Amino acid sequence: MTAASGEQPLAGDRKVRMPSCLLKLTRVVLSHKPCALFTLIFVFIALAYQKLYWGIGEDPKSSVPTSGLSAEMSCAHYVPSALDMAGGPSPSTGSVFFVETSEQTAPSYLFSCSVESAARTHPASRVVVLMKGLAKENGSLPRHWAFSLLSCFPNVEILPLDLTKLFSGTPLEHWFLQPQRQQEPHFLHVLSDACRIVLMWKFGGIYLDTDFIVLKNLHNLTNALGIQGDSVLNGAFLSFKAKHKFMELCMQDFVQNYNGWAWGHQGPELLTRVFKKWCSLGTIKSMSCKGVSALAQEVVYPIPWQDWKKLFEAVSALELQKLLKNTYAVHIWNKLSHRTKLEIPSQALLAQLYSQFCPATYTKMKQDSEELLRRAV
């Protein structure tokens, strides 16, 4: 998604004319000499300030948002030349999907890093960000630095999430239309679980949670999902061809064995149930069965959820290289880690991942960190 731009007319190119109402006001005020001069000056100052501050009379579409990238950090700085030259995605490659099922429209640093890292590692693919909260924005993106930054990448598309349309024609259509579902304690997470399996079945491609940092191109991991540990599969990463039978079985299981009150029942536990049936297994292990691969933990979940604090521990460059040798993406376990402060810059594992794989977001993080320090002094 390319950034919209527009040129504002120069102030010197426009003739300022006094409105007729002001002419009338001037005559009336001057007839009352004691307060005339003061009142007239006050009115003119107020109108001038309003004109300067709000830009009255200009087409708002022609204005470039000031809450986006700073003047000295343009898209040319953020977007690597290889992506810029690519001119956008190729229709022959599968899309990379991200989904936000809450009303949130103010992306975090991690959200931005997830999308940026995917865009950089998949320059020939559409990177599609679907956000439920955008449905209320009338087709325009909110003024936020992350949207400005991500819009610099020609392969990124940020779109409203139309849930009714997404679930239409699938086994989950009736489930979604039941209003009582929204009263369940884990509804947003369950809704996210539903979206990913339907996206994979309808369109195919790659699905990623918005707390992944992508290190390598994922397209050679086809019809695959990852083991998160303890013989459990996780759906934070999915890669499938459209209309794949495995995803069809996942949709059927979602409805037939539904339990929205048990954490993980519609997510990791569902995928584990279906894979065990698919392969006639009692225990999940790294393997390929009937064309579907359960990837070893190091591929996309190199840091187990129990060890999430390691993300904030300092590591050497050599240790980092060794740790990520066979890794395609790193899950950050945001549900557990989001309250932990990350020092920028630092040698923390997570800080190094930001620096290497989403440098534009990292630059923004450093700028904000430096600004907070200046204000604190």
Side-chain angles (χ1 to χ4, degrees), residues 94 96-99 101 166-167 170-172 175-176 181 184 186-212 214 218 221-306 327-336:
V96 180
F97 292 99
F98 293 91
V99 173
T101 53
L166 177 63
F167 293 129
T170 74
L172 280 71
W175 164 83
F176 175 68
R181 298 299 184 203
E184 295 169 353
H186 311 302
F187 178 71
L188 285 181
H189 298 283
V190 172
L191 183 59
S192 179
D193 292 330
C195 288
R196 67 192 69 186
I197 60 177
V198 171
L199 280 169
M200 290 296 94
W201 184 77
K202 274 193 169 184
F203 307 107
I206 294 167
Y207 167 84
L208 290 167
D209 274 359
T210 55
D211 59 348
F212 256 111
V214 186
L218 297 162
L221 305 177
T222 307
N223 299 329
L225 63 173
I227 298 174
Q228 73 167 29
D230 301 323
S231 298
V232 175
L233 295 170
N234 193 308
F237 158 79
L238 296 171
S239 177
F240 281 87
K241 293 181 178 179
K243 305 300 188 295
H244 196 282
K245 183 66 176 178
F246 185 85
M247 283 292 109
E248 182 180 343
L249 293 175
C250 286
M251 291 191 297
Q252 293 173 2
D253 186 282
F254 188 98
V255 176
Q256 294 169 3
N257 298 306
Y258 186 78
N259 182 354
W261 294 82
W263 173 261
H265 185 81
Q266 300 301 117
E269 292 183 21
L270 180 151
L271 295 167
T272 303
R273 288 194 302 271
V274 174
F275 190 81
K276 285 181 176 179
K277 292 179 183 177
W278 180 265
C279 300
S280 301
L281 291 173
T283 304
I284 300 289
K285 58 183 179 180
S286 176
M287 62 180 297
S288 182
C289 172
K290 298 180 182 178
V292 178
S293 298
L295 303 173
Q297 187 172 354
E298 63 185 0
V299 179
V300 287
Y301 305 109
I303 308 295
W305 67 266
Q306 301 94 329
T327 298
Y328 282 73
V330 180
H331 195 220
I332 307 303
W333 307 107
N334 188 54
K335 183 175 175 61
L336 300 170

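FYI, the numbering just counts along the sequence from 1. Model, not experiment: these values are computed from the prediction.
- Side-chain contact between Y301 and N234 is present, with heavy atoms from C-beta onward closer than 4.5 Å.
- At a threshold of 4.5 Å between non-hydrogen side-chain atoms, the residues L191 and R181 do not count as touching.
- Across all non-hydrogen atoms, the minimal contact from L208 to F98 is O-CD2, 3.3 Å.
- Atom CE of residue M200 and atom CG of residue N223 lie 10.5 Å apart, to the nearest 0.5 angstrom.
- Listed here is the closest heavy atom pair of H331 and A236: NE2-CB, 3.8 Å.
- Taking the six-membered ring for Trp and thresholds of 30 and 60 degrees, F246 and F275 have ring planes more than 60 degrees apart, a perpendicular arrangement.
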May I have the step-by-step check of side chain to side chain contact (heavy atoms under 4.5 Å, CB included) for W201 and K245, ending in yes or no? CA-CA 8 Å; W201 184 77; K245 183 66 176 178; over 6 Å; no
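- Proximity of a side-chain donor or acceptor of S239 to a complementary backbone N or O of I206 within less than 3.5 Å is not detected.
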Dump the intermediate steps for side chain to side chain contact (heavy atoms under 4.5 Å, CB included) on Q306 and D230, then the final yes or no. CA-CA 11 Å; Q306 301 94 329; D230 301 323; 3.3 Å; yes
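- Ring centroids of H265 and W263 are separated by 6.0 Å or more, keeping the two rings apart.
- Distance check: R196 CZ to L271 CG gives 8.5 Å after rounding to the nearest 0.5 Å.
- When atom types are taken as modelled, the side chain of K243 and the backbone of K202 share a donor-acceptor pair closer than 3.5 angstrom.
- Within the model, atoms CD of E248 and CD of Q252 stand 5.0 Å from one another, a figure rounded to the nearest 0.5 Å.
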Show the numbers, then the answer: is there a side chain to side chain contact (heavy atoms under 4.5 Å, CB included) between D209 and I332? CA-CA 10 Å; D209 274 359; I332 307 303; over 6 Å; no
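- The closest side-chain heavy-atom distance from I227 to V232 is not below 4.5 Å.
- The disulfide bond (SG atoms under 2.5 Å apart) pairs that include a residue from residues 244-281 are C279-C289, where partners are two or more places apart or lie in different chains.
- Side-chain atoms of T170 come within 3.5 Å of backbone N or O of L172 as a donor-acceptor pair.
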Can you check side chain to side chain contact (heavy atoms under 4.5 Å, CB included) on L295 and L221, steps first, answer last? CA-CA 9 Å; L295 303 173; L221 305 177; 4.0 Å; yes
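- The backbone N or O of L188 lies less than 3.5 Å from a partner atom in the side chain of T101, making a donor-acceptor pair.
- Using a 4.5 Å heavy-atom threshold, the side chains of L270 and N257 count as separate.
- The shortest side-chain heavy-atom distance between P268 and L233 does not fall under the 4.5 Å cut-off.
- At least one side-chain heavy atom of V198 sits under 4.5 Å from a side-chain heavy atom of M251.
- Inter-residue side-chain proximity for V292 and L225 is flagged as met; some heavy-atom pair is nearer than 4.5 Å.
- The two atoms that bring S293 and S288 nearest to each other are OG-OG, 3.4 Å, heavy atoms only.
- Counting only distance, with no hydrogens or angles, the side chain of Q266 and the backbone of F254 share a donor-acceptor pair below 3.5 Å.
- Residue pairs meeting the salt bridge (charged side-chain N to carboxylate O under 4.0 Å, His left out) criterion with at least one member in residues 255-275, sequence neighbours excluded, are D253-R273.
- Between the side chain of N259 and the backbone N or O of W261 there is at least one donor-acceptor pair closer than 3.5 Å.
- By the neighbour-count criterion of 12 heavy atoms within 6.0 Å, atom CH2 of W278 is densely surrounded, having more than that number from other residues, nucleotides or ligands.
- Going from atom CD1 of I284 over to atom CD of Q228 covers 11.5 Å, rounded to the nearest 0.5 Å.
- Not one N or O on the side chain of T327 forms a donor-acceptor pair closer than 3.5 Å with the backbone of V300.
- Look at D211 and K335 and you find no salt bridge, because none of the NZ, NE, NH1 or NH2 atoms lies under 4.0 Å from a carboxylate O.
- Residues passing the ring-ring contact (aromatic ring centres under 6.0 Å, His included) test with F187, sequence neighbours excluded: none.
- Rounding to the nearest 0.5 Å gives a distance of 8.5 Å between CG of L218 and CZ of F212.
- At least one side-chain heavy atom of F167 sits less than 4.5 Å from a side-chain heavy atom of C195.
- Taking each heavy atom of P171 and V255 in turn, the nearest pair found is O-CG2, 3.3 Å.
- Taking the six-membered ring wherever Trp is involved, the centroid distance between the rings of Y207 and F237 does not fall below 6.0 Å.
- When every heavy atom of G229 is checked against every heavy atom of Q297, the shortest pair comes out as CA-OE1, 3.8 Å.
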